[in-house]
Amino acid sequence: MDLFSPLSSCFDQGESRIARLDISMGEAPAFFADDLQKGFPNGLDLKSNGCETSIVVGNRTYVIGGTSDKSTLSVGVQVYDRSSGEWINPTVLGTKPKPSKGHSAVLLNEDRILIINKGTTLDDCAWFLEVDTQYVRKQRKILGSEVVAWSKGVRGNAEKPIVISGPSGVGKGTLISMLMKEFPSMFGFSVSHTTRAPRAMEKDGVHYHFTERSVMEKEIKDGKFLEFAEVHGNLYGTSVEAVEVVADEGKRCILDIDVQGAKSVRDTKIEAIFIFIKPPSVEQLEKRLRARKTETDEQIEKRLKNAKGEMEQAEAQSPCIFDHILENDILDKCYASLKKLLGLDDESVIAASESKISAPEVIYLPTDYSESKIGDKVIIRCRNAELEKASKDLIVVDVSSIKGSAPGRTRGLNIYTMDSFLDGVDVIN
Ligand SMILES: Nc1nc2c(ncn2[C@@H]2O[C@H](COP(=O)(O)OP(=O)(O)O)[C@@H](O)[C@H]2O)c(=O)[nH]1
Ligand SMILES: Nc1ncnc2c1ncn2[C@@H]1O[C@H](COP(=O)(O)OP(=O)(O)O)[C@@H](O)[C@H]1O
């Protein structure tokens, strides 16, 4: 079921009351038409009738949570451009939030809107609709259309993703397997898409999503990929979903991608650790590739030829793609170095376990509340019925330390409860 689809019935009621607008680029949610012309007077630029929420960003109004398109009941993010007087149906990237009992919206920094979903757990209540972040601007250029992107807010400081690159046969897969075996609850592998044929032991959906070129090219066009590249004659790419699946499991994402892909990810300004694995020599690389027995002689030649270029690019100072270059000579030594730079050597693990912070408390966001934005904090004040149940009547969503953006999750969200009486908080509504 789509986001907010239960709310579309509210829309139908509105439709009978007010004449619908017919607009060339997209159809306006009918009961908003008059309001949009008048503007939104409250301090949050916020107006919600319980069915949809609209919010003004510059000369645009974003209407979130419903659609006038009854045939699809698809999620509504519609944009009203005040300067042209036109409605736009933007391309919506990223995974949308699940349907909830309503929502409200708060504008942050002109580039993203915080959407708070009512009645959900605090772990699922905060989503960001990005309207002008760097990623959105880039996708707008690539897709040649209006773009918005969803990114779920993740509480606490999940660790940065790890990008691992290196020539074919250098040992990337081996090192990643060792890491995931030793720390199964810590790391998750971003399963790439590829047009190459599966090897004997490879499983679809585990090692790769094996796909047809035409299908993948269409999905790339639709903006479903964080990055993609032609490598050794096949198409490879990381879907936005592949990265989000890992973040949703609360794990640190590992990407095994080529140097072009690493450069693309670097260009998106996603915060990640970029590691290049290099062989002790080209002769050793060839030996490993031949011993693996997964490629034909011709494919091995191609991979060795490409290895030279990859190593040159990785070691070039400008642009400097990688934060670390590790030589995989003796496997165990290289693995120990990898763990050390990820803070996973014995000393760091003991230190981390000693200073372990307790897990965040499980709280539900009420359905009846009012919210205010004070600096980097959104204060949610529970209304009467909820107050009787809750010992603490305020929920604070602190966005001061958020990191990252779409594609993928926005980390560093701090959500906690407070008692307004004990803490003497004066909440402005
Ligand atoms: N850009 C990009 N490269 C990828 C992706 N997945 C795998 N690769 C790279 O594609 C290359 C070939 O991978 P593969 O066919 O599995 O062969 P292998 O490296 O010899 O094991 C490697 O350099 C991988 O790092 C991806 O999603 N994006
Ligand atoms: N340090 C090493 N010394 C010798 N062989 C290695 C080493 N690291 C990996 N290998 C072997 O080399 C082959 C290629 O490794 P693999 O992990 O598949 O490389 P990649 O994923 O980079 O293509 C495998 O057969 C693996 O067992």
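Residue numbers start at 1 and run along the sequence shown. Each ligand, and each atom within it, is numbered from 1 in the order the structure gives. Worth knowing before you read on, the calculation uses all heavy atoms, side chains too, and leaves out hydrogens, waters and symmetry mates.
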Would you sort out whether Arg381 and Ser372 count as a side-chain hydrogen bond (donor to acceptor under 3.5 Å, both in side chains), showing the intermediate values? CA-CA 8 Å; Arg381 182 188 212 166; Ser372 322; over 6 Å; no

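- Residues Arg137 and Tyr135 form no side-chain contact, since every pair of their non-hydrogen atoms from C-beta on lies 4.5 Å or further apart.
- Protein heavy atom nearest atom 27 (O) of ligand 1, with residue, atom name and distance: Ser192 OG, 2.7 Å.
- The distance from ligand 1 to the heavy atoms of Lys172 drops below 4.0 Å at these ligand atoms: 19 (O), 25 (O).
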In sequence, state the C-alpha distance, the side-chain angles, and the governing distance for Ser405 and Ser151, and then conclude on side-chain hydrogen bond (donor to acceptor under 3.5 Å, both in side chains). CA-CA 6 Å; Ser405 64; Ser151 173; over 6 Å; no

Are there any protein N or O atoms under 3.5 Å from the N or O atoms of ligand 2? List them with distances, or say none.
{"unit_1": "ligand 2", "atom_1": "1 (N)", "unit_2": "Arg288", "atom_2": "NH2", "d": "3.4"}
{"unit_1": "ligand 2", "atom_1": "1 (N)", "unit_2": "Asn328", "atom_2": "OD1", "d": "2.8"}
{"unit_1": "ligand 2", "atom_1": "1 (N)", "unit_2": "Asp329", "atom_2": "O", "d": "2.9"}
{"unit_1": "ligand 2", "atom_1": "1 (N)", "unit_2": "Leu331", "atom_2": "N", "d": "3.3"}
{"unit_1": "ligand 2", "atom_1": "3 (N)", "unit_2": "Arg288", "atom_2": "NH2", "d": "3.3"}
{"unit_1": "ligand 2", "atom_1": "8 (N)", "unit_2": "Asn328", "atom_2": "ND2", "d": "3.1"}
{"unit_1": "ligand 2", "atom_1": "17 (O)", "unit_2": "Gly173", "atom_2": "N", "d": "3.4"}
{"unit_1": "ligand 2", "atom_1": "17 (O)", "unit_2": "Thr174", "atom_2": "N", "d": "2.8"}
{"unit_1": "ligand 2", "atom_1": "17 (O)", "unit_2": "Thr174", "atom_2": "OG1", "d": "2.5"}
{"unit_1": "ligand 2", "atom_1": "18 (O)", "unit_2": "Arg292", "atom_2": "NH1", "d": "2.8"}
{"unit_1": "ligand 2", "atom_1": "19 (O)", "unit_2": "Gly171", "atom_2": "N", "d": "3.0"}
{"unit_1": "ligand 2", "atom_1": "21 (O)", "unit_2": "Gly173", "atom_2": "N", "d": "2.9"}
{"unit_1": "ligand 2", "atom_1": "22 (O)", "unit_2": "Val170", "atom_2": "N", "d": "3.3"}
{"unit_1": "ligand 2", "atom_1": "22 (O)", "unit_2": "Gly171", "atom_2": "N", "d": "3.0"}
{"unit_1": "ligand 2", "atom_1": "22 (O)", "unit_2": "Lys172", "atom_2": "N", "d": "2.9"}
{"unit_1": "ligand 2", "atom_1": "22 (O)", "unit_2": "Lys172", "atom_2": "NZ", "d": "2.8"}
{"unit_1": "ligand 2", "atom_1": "23 (O)", "unit_2": "Gly169", "atom_2": "N", "d": "2.8"}
{"unit_1": "ligand 2", "atom_1": "23 (O)", "unit_2": "Arg292", "atom_2": "NH1", "d": "2.9"}

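- Both cation-pi conditions hold for Arg266 and Phe274: the charged atom is under 6.0 angstrom from the six-membered ring centre and inside a 45 degree cone around its axis.
- Side-chain N/O atoms of Asp81 and Ser83 include a donor and acceptor closer than 3.5 Å.
- Applying the salt bridge (Lys or Arg N to Asp or Glu O under 4.0 Å) definition to pairs two or more places apart or across chains, those involving residues 223-239 are Arg213-Glu230.
- Ligand 1 has an N or O atom lying under 3.5 Å from an N or O atom of Arg196, backbone or side chain.
- Checked against a 3.5 angstrom limit, the closest N/O atoms of Glu295 and ligand 1 fall outside it.
- Residue Asp256 has at least one heavy-atom neighbour below 4.0 Å for each of these atoms of ligand 1: 4 (C), 5 (C), 6 (N), 7 (C), 8 (N), 24 (C), 25 (O).
- Pairs passing the salt bridge (Lys or Arg N to Asp or Glu O under 4.0 Å) check and including a residue from residues 194-203, sequence neighbours excluded, read Arg196-Glu202, Arg199-Glu202, Arg199-Glu295.
- With Phe128 as the aromatic partner, Lys152 does not meet the cation-pi criteria of under 6.0 angstrom to the ring centre and within 45 degrees of the ring axis.
- When only non-hydrogen protein atoms are considered, atom 16 (O) of ligand 1 lies nearest to Tyr208 OH, 2.5 Å.
- The distance criterion of under 3.5 Å between nitrogen or oxygen atoms is met by Gly237 with respect to ligand 1.
- Checking only distances, Ser168 does come within under 3.5 Å of ligand 1, N or O to N or O.
- Where the criterion is an N or O separation shorter than 3.5 Å, residue side chain and backbone included, His193 fails it with respect to ligand 1.
- Near Arg292, meaning under 4.0 Å from any of its heavy atoms, are these atoms of ligand 1: 18 (P), 20 (O), 21 (O).
- For atom 9 (C) of ligand 1, the nearest protein heavy atom (residue, atom name, distance) is Asp258 N, 3.6 Å.
- The aromatic rings of His193 and His209 sit tilted relative to each other, their planes meeting at an angle between 30° and 60°.
- Between Ile275 and Leu338 there is a side-chain heavy-atom pair separated by less than 4.5 Å.
- Below 4.0 Å from some heavy atom of Ala229 lie the following atoms of ligand 1, by number and element: 1 (N).
- In terms of protein heavy-atom proximity, atom 28 (N) of ligand 1 is nearest to Glu227 OE2, 2.7 Å.
- Note: Ser104 OG to Ile115 CD1 = 7.5 Å, rounded to the nearest 0.5 Å.
- Partner of Ile273 under the side-chain contact (heavy atoms from CB on, under 4.5 Å) criterion, out of Asp323, Ile254, Val163: Asp323 alone.
- The closest side-chain heavy-atom distance from Tyr62 to Val57 is below 4.5 Å.
- If you number the atoms of ligand 1 from 1 as listed, the ones under 4.0 Å from a heavy atom of Val231 come out as 10 (O), 11 (C).
- For the pair Arg199 and ligand 1, a heavy-atom separation below 4.0 Å is found.
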What donor-acceptor contacts under 3.5 angstrom involve side-chain atoms of residues 284-291, with partners at least two apart or in another chain?
{"unit_1": "Glu286", "atom_1": "OE2", "unit_2": "Arg290", "atom_2": "NE", "d": "3.0"}
{"unit_1": "Glu286", "atom_1": "OE2", "unit_2": "Arg290", "atom_2": "NH2", "d": "3.0"}
{"unit_1": "Arg288", "atom_1": "NH1", "unit_2": "Val170", "atom_2": "O", "d": "3.1"}
{"unit_1": "Arg288", "atom_1": "NH1", "unit_2": "Asn328", "atom_2": "O", "d": "3.1"}
{"unit_1": "Arg288", "atom_1": "NH2", "unit_2": "Asn328", "atom_2": "O", "d": "2.9"}
{"unit_1": "Arg288", "atom_1": "NH2", "unit_2": "Asp329", "atom_2": "O", "d": "3.4"}
{"unit_1": "Arg290", "atom_1": "NH1", "unit_2": "Asp297", "atom_2": "OD1", "d": "3.2"}
{"unit_1": "Arg290", "atom_1": "NH2", "unit_2": "Glu301", "atom_2": "OE2", "d": "3.2"}

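- Protein heavy atom nearest atom 15 (O) of ligand 1, with residue, atom name and distance: Tyr236 OH, 2.4 Å.
- Atom numbering of ligand 1 starts at 1 in the shown order; those under 4.0 Å from a heavy atom of Gly261 are 1 (N).
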